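First up is the structure itself, then whatever we jot down about it.
Atoms considered below: every heavy atom in the structure, side chains included; atoms not considered: hydrogens, waters and symmetry mates. None of the values given here were measured: they were computed from a predicted structure.
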Amino acid sequence: QAALKKLSGLEVKRICSTHGPVWEKSVPEVVALYDRMSRYDVDRGVCIVYGSMYGNTAALCDEIACKLRSNGVEKIKIYDLSSADISEVLRDIFLSRGLVVASPTYNNELFPPVRELLNKVAERTVKGRLFGFVGSFTWASAALKRMNEYAEKNAWEVLPCSIEMKQSALSVRDEQIEEFAKQFAEAL
């Protein structure tokens, strides 16, 4: 934003970035894109990312996506972090206002692909996002606690209601998922 202010009185004919292409055509569109990205101006969409060891967390995320749609959220991207291209995931996190992160507890920590993603999100100082957390466990609950630690450390805006699932998606009542999706859609 500071650089764009300095250039505001000049006619920009070429953009020569140090980490990308040289732009000689579509310069106004590229400048507008830089402006939008540097203001962290994003779509009202939601990116749902999850790790799932046995398929239960994945099933719950599908339910959340359906409820978000029924609450008026049109742009939804869903990624299984065990197989997703991390560059695509980060792109869609950057372009979305909302982020739902779902992780099973794994050795009293987050499932490794989820932990790695949260580290990458924190490294990129992604700002102005609404985070919703979903944790799952079998005998010891820790995923929600770990995700909240990330949120506090990075001053993330967290949806007040989280979902915690014990063993299977059947343990989560439909009303819980509906309330989570409703609050998320309203907060967006």
Side-chain angles (χ1 to χ4, degrees), residues 40-106 109-124 126-137 141-151 154 156-188:
Y40 292 89
D41 184 19
V42 293
D43 292 328
R44 187 179 171 261
V46 175
C47 188
I48 301 173
V49 297
Y50 67 87
S52 187
M53 292 188 286
Y54 305 110
N56 294 310
T57 307
L60 182 56
C61 287
D62 287 341
E63 286 293 318
I64 290 169
C66 289
K67 297 291 183 187
L68 284 168
R69 276 192 189 91
S70 69
N71 278 278
V73 179
E74 294 177 13
K75 293 184 178 182
I76 300 172
K77 296 280 188 167
I78 302 177
Y79 290 102
D80 177 351
L81 295 175
S82 297
S83 59
D85 181 332
I86 200 67
S87 65
E88 292 178 10
V89 175
L90 289 169
R91 175 201 61 208
D92 287 333
I93 288 171
F94 195 85
L95 293 173
S96 302
R97 166 78 173 105
L99 175 61
V100 174
V101 181
S103 177
T105 298
Y106 184 83
E109 292 292 335
L110 293 171
F111 191 52
V114 175
R115 184 180 63 240
E116 291 167 18
L117 175 76
L118 288 177
N119 285 334
K120 290 180 186 323
V121 170
E123 288 169 358
R124 284 156 181 81
V126 175
K127 300 177 187 175
R129 300 304 185 280
L130 176 65
F131 291 87
F133 297 138
V134 176
S136 63
F137 68 100
S141 170
L144 283 181
K145 179 181 177 185
R146 298 292 177 251
M147 286 187 271
N148 277 309
E149 288 169 358
Y150 272 92
N154 295 287
W156 294 343
E157 178 188 353
V158 179
L159 188 69
C161 75
S162 298
I163 295 176
E164 189 164 50
M165 171 177 64
K166 184 172 183 180
Q167 293 181 338
S168 78
L170 298 175
S171 71
V172 179
R173 293 189 334 265
D174 194 50
E175 299 84 36
Q176 287 177 280
I177 301 169
E178 179 63 44
E179 184 60 26
F180 180 88
K182 180 182 174 193
Q183 284 188 24
F184 211 98
E186 288 173 0
L188 288 174

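Looking at Ile64 and Val46, their side chains never come closer than 4.5 Å, going by heavy atoms from C-beta outward. You'll find the side chain of Pro104 stays beyond 4.5 Å of the side chain of Tyr54, heavy atoms only. Side-chain atoms of Asp85 and Tyr79, non-hydrogen and from C-beta on, never get closer than 4.5 Å to each other. Between Pro160 and Gln183 there is a side-chain heavy-atom pair separated by less than 4.5 Å. Residues Leu99 and Trp156 have side chains not in contact (no heavy-atom distance under 4.5 Å, counting atoms from C-beta outward). Two residues are said to be in side-chain contact when any heavy atoms from C-beta on lie closer than 4.5 Å; Leu90 and Leu117 meet this criterion.
Remark: of the listed residues Val73, Asp62, Asp174, Asp174 is the sole one forming a side chain to side chain contact (heavy atoms under 4.5 Å, CB included) with Lys67. Just one of Leu81, Asp80, Leu118 meets the side chain to side chain contact (heavy atoms under 4.5 Å, CB included) condition when paired with Pro113; it is Leu81.
The environment of Phe94 atom CZ is dense: over 12 non-hydrogen atoms of other residues, nucleotides or ligands sit within 6.0 angstrom. Residue-environment remark: CD (Glu175) exceeds the threshold of 12 foreign heavy atoms within 6.0 Å.
With values rounded to the nearest 0.5 angstrom, Ile86 atom CD1 is found 7.0 Å from Ile93 atom CD1. Residue Ser141 holds its OG atom at 3.0 Å from CD of Glu164, rounded to the nearest 0.5 Å. The structure places CG of Leu68 at 10.5 Å from CD1 of Ile177, a figure rounded to the nearest 0.5 Å.
Taking both residues in full, the closest heavy atoms of Val114 and Gly51 are given as CG2-N, 3.5 Å, listed atom of the first, atom of the second, then distance. The two residues Arg129 and Arg97 have their closest heavy-atom pair at C-NH1, 3.1 Å.
Using modelled atom types, one finds a donor on one side chain and an acceptor on the other under 3.5 Å when comparing Glu178 with Asn71.
A salt bridge links Arg146 to Glu149: one of the charged nitrogens lies within less than 4.0 Å of a carboxylate oxygen.
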